[in-house]
Amino acid sequence: MSNEFSRLSPLMGALLAAGLLAGCSGSPEQSADYLISSQQIYTGNGTQPMAGVILVKDGKIVDVLPEAPKNLRVAKHIDANNLVVAPGFIDPHTHACNDFDKGQPNLNANYLTQGVTTVFCGNDGGGDVEVGATFDLYEKQGIGSNVALYVGHGAVRSEVMGRENRKASAAELEQMKALVEKAMHEGALGLSTGLYYVPGNYADTAEVVALAKVAAQFGGVYDSHIRDESSYHIGLIAAVQEVLDIARDAEIPVHLAHLKALGVDVWGESQTIIKMVDDAHAKGLHVTADQYPWKASGTSVAGALMPRWALAGTEEEYHARLKDPAQLPGIKVEMQDNLRRRGGADSLLISDPTSGELRGKTLAQVATERGVDPIDAALQIILAGNARVASFNMSEQDIEALVQQDWVVTSSDGSPGHPRKYASFPKKYQDFVQNKPLLTLGEFVLRSSSKTADIFGLDNRGKLQAGYAADLVLFDANKYAPRADYMHPEVLSEGVQWLFVNGVAAIEEGKLTGELAGQALRKKP
């Protein structure tokens with residue numbers, strides 16, 4: 001027996017003895033880097049598993065078959081009959097690139113250990129307008145997962161207009177359109193907006209439609225952190241309607257980012273949103289969404305409580321407003337109402353790893369310790385540099401209603417100090433497949449891989465079939481679970497036994513290998 005076969009499992013030996021592998025006469029010899037056998041292979045083409053084998057060679061899936069072919073020479077066999085085998089998960093809403101922009105390689109271990117092989121960045125209107133240069137940088141540095149990029153509306157607007165709170169001129173709009181076109185040529189997925197955030201909040205719908213039309217010309221998608229997820233401005237329902245209007249007017253597929261009903265004022269409105277999207281589908285519009293499975297969102301003290309108009313301009317300028325006796329009273333009135341929307345000072349948990357002794361305390365606790373009311377405590381924190389918070393503001397009923405929709409896929413919106421960055425995919429599995437089975441295992445896999453790839457037009461990703469990139473996750477259905485929580489948000493998840501990124505083992509027998517096999521996924525216009 002050759003050296004290759006000496007490393008094979010008893011099952012492979014049996015296949016060899018039966019004449020199914022190398023040594024059998026009469027058929028040309030085939031070769032593969034890996035042969036993976038399992039009784040639970042989810043190919044991404046449906047929700048039911050198959051029993052069989054997967055052949056991997058040179059970073060690609062050679063084939064998925066009911067049994068191993070004859071005359072096969074394989075370097076390594078993985079007997080995965082006690083594991084679920086699925087396409088590597090795809091996270092369409094992350095902030096992982098904040099970790100990539102450090103001038104050094106990044107393994108992206110917090111995503112790999114969730115089974116995620118591809119992350120999207122440039123969400124919420126952020127990122128760098130130089131999409132091509134960003135891709136080049138990541139490839140040069142080395143990354144552990146694949147990465148795809150949006151061109152962010154906020155980044156484009158800042159490049160042309162700064163953080164000014166006004167309508168764009170015709171000339172400025174043309175400059176922004178040119179930047180979007182350039183980014184699409186360089187491989188952007190489409191246009192993302194953060195219409196709740198500054199400076200995206202200062203743009204009217206017409207501006208967004210004009211830029212989305214450019215992305216549409218290149219087959220792009222419009223992805224939006226909508227203008228209002230609560231009752232801050234136009235309200236949740238009107239904000240969703242704005243996205244549907246953009247879909248119609250720009251003739252572009254639209255995607256609702258981290259869809260939620262945030263705060264007591266809008267709890268229960270998930271049912272209205274579901275009907276709106278279903279009606280849009282009936283009209284021929286392409287509308288999808290992603291969702292993370294946590295009751296708390298992640299933002300900052302300023303993001304949660306400050307009125308948008310007060311954040312215009314530089315940090316120095318908006319801090320000056322907070323110190324201005326003429327403007328501060330009105331700001332505090334708006335902050336108090338925003339705090340009510342969020343559920344009060346007890347609902348904001350300071351989770352920022354850089355916030356020192358404040359970390360792990362609620363805004364109410366900080367206020368009590370300092371002997372001030374919660375709004376004054378919030379202002380002190382903002383003026384001292386701000387801090388990330390976990391904001392407990394969602395109802396289980398809304399989360400569960402949305403998770404069951406076949407147009408809603410899995411995401412993390414991973415940010416510092418929140419466990420969603422380390423544990424969103426296994427938490428969704430535990431919460432809604434294992435503990436309260438609102439989804440089947442097949443539906444969970446589909447909405448964490450192939451459905452996402454189809455929505456965003458990722459070529460040769462998201463499925464286990466011949467010719468596709470060999471991005472695979474093999475996880476133990478009994479052990480795949482989150483370990484991070486709100487007080488310990490940076491603990492790696494467990495249960496992924498093998499993970500392949502472009503045919504390279506990033507996790508082997510439950511251990512990270514340190515391989516940097518990720519690629520920049522440039523969308524072809």
Side-chain angles (χ1 to χ4, degrees), residues 90 92-93 120-132 134-135 148-161 167-168 170-195 199-200 203-227 239-257 259 276-277 279-290 407 409 411 451-459 461-462 521-525:
I90 301 169
H93 194 109
F120 292 5
C121 297
N123 304 82
D124 295 340
D128 195 313
V129 295
E130 297 295 336
V131 168
T134 302
F135 275 136
L149 297 174
Y150 283 105
V151 58
H153 166 247
V156 167
R157 201 174 209 268
S158 293
E159 182 75 11
V160 174
M161 301 176 58
K167 184 177 180 179
E172 288 167 335
L173 185 58
E174 288 304 311
Q175 292 179 60
M176 288 191 276
K177 289 165 68 175
L179 288 173
V180 172
E181 181 175 351
K182 177 174 179 289
M184 294 303 297
H185 276 295
E186 293 172 347
L189 291 163
L191 177 71
S192 85
T193 58
L195 300 182
D204 59 17
T205 306
E207 175 181 312
V208 179
V209 168
L211 300 180
K213 284 182 175 179
V214 176
Q217 293 171 8
F218 296 87
V221 174
Y222 173 70
D223 174 271
S224 185
H225 179 131
I226 60 179
R227 198 175 293 273
V240 171
Q241 185 61 54
E242 181 182 30
V243 176
L244 302 183
D245 292 344
I246 292 167
R248 180 197 63 216
D249 295 344
E251 297 182 352
I252 190 171
V254 296
H255 188 77
L256 298 155
L259 185 58
M276 292 171 69
V277 173
D279 289 346
H281 290 163
K283 296 175 183 177
L285 299 179
H286 296 278
V287 186
T288 52
D290 61 76
W407 44 269
V409 297
S411 69
K451 180 76 173 180
T452 310
D454 289 344
I455 289 169
F456 296 99
L458 295 187
D459 290 337
R461 305 274 170 176
L521 304 185
R522 294 171 171 85
K523 183 178 175 67
K524 295 179 182 179

| query | If every non-hydrogen atom of Asp249 is compared with every non-hydrogen atom of Lys213, which pair is closest and at what distance? | reply | O-CE, 3.3 Å

| task | Nearest 0.5 Å please: distance from the CH2 atom of Trp407 over to the CD1 atom of Ile455. | result | 10.5 Å

| task | With the side chain counted from C-beta on, respond yes when Asp290 and Thr452 share a heavy-atom pair under 4.5 Å apart, and no when they do not. | result | no

| Does a donor on one side chain sit under 3.5 Å from an acceptor on the other, for Ser192 and Tyr222? | no

| task | For the residue pair Leu191 and Asp223, establish whether any side-chain heavy-atom pair is separated by less than 4.5 Å. | result | no

| Could you go step by step and tell me if Phe456 and Lys523 meet the side-chain contact (heavy atoms from CB on, under 4.5 Å) rule? | CA-CA 9 Å; Phe456 296 99; Lys523 183 178 175 67; over 6 Å; no

| message | To the closest 0.5 Å, what do you measure between CD (Glu251) and CG (Leu285)? | response | 10.0 Å

| query | How close do Phe135 and Gly187 get, heavy atom to heavy atom, and via which atoms? | reply | CE1-O, 3.8 Å

| field | Minimum heavy-atom distance Ile252-Val221, with the two atoms named | value | CD1-C, 3.9 Å

| Applying the side-chain hydrogen bond (donor to acceptor under 3.5 Å, both in side chains) test to Glu207, which of Arg157, Lys177, Lys167 qualifies? | Arg157

| query | Are Thr288 and Val409 side-chain neighbours, meaning at least one heavy-atom pair lies under 4.5 Å? | reply | no

| Roughly how far, to the nearest 0.5 Å, is CG of Leu256 from CE of Met276? | 9.0 Å

| Got a donor-acceptor contact below 3.5 angstrom from the His281 side chain to the Val287 backbone? | yes

| said: Does either side chain, that of His225 or that of Asn123, offer a donor lying less than 3.5 Å from an acceptor on the other one? | reply: no

| message | Which heavy atom of Ile90 sits nearest to which heavy atom of Gly462, and what is that distance? | response | CD1-CA, 4.1 Å

| field | 4.5 Å side-chain heavy-atom contact, Leu458 and Phe120 | value | yes

| message | Using salt bridge (Lys or Arg N to Asp or Glu O under 4.0 Å), reason through Asp454 and Lys451 one step at a time and then give a plain yes or no. | response | CA-CA 5 Å; Asp454 289 344; Lys451 180 76 173 180; over 6 Å; no

| message | Looking at every heavy atom in both Pro253 and Gly220, which two are closest together, and how far apart are they? | response | CD-O, 3.7 Å

| message | I'd like to know if the side chain of Asp128 and the backbone of Glu130 have a donor-acceptor N/O pair within less than 3.5 Å. | response | yes

| task | Can you see which heavy atom on Leu173 is nearest to which on Ala210, and at what distance? | result | CD2-CB, 4.0 Å

| query | Between Leu179 and Val151, does a side-chain contact (heavy atoms from CB on, under 4.5 Å) hold up when you go through it step by step? | reply | CA-CA 9 Å; Leu179 288 173; Val151 58; 6.0 Å; no

| query | Given side chains that start at C-beta, do those of His255 and His93 come closer than 4.5 Å, heavy atoms only? | reply | no

| Student check: side-chain heavy atoms of Leu189 and Leu149 closer than 4.5 Å | no

| query | Distance from Leu259 atom CG to Ile226 atom CD1, nearest 0.5 Å? | reply | 6.5 Å

| query | Please walk me through it: do Leu195 and Glu242 pass side-chain contact (heavy atoms from CB on, under 4.5 Å)? | reply | CA-CA 10 Å; Leu195 300 182; Glu242 181 182 30; 3.7 Å; yes

| Given side chains that start at C-beta, do those of Glu186 and Arg522 come closer than 4.5 Å, heavy atoms only? | no

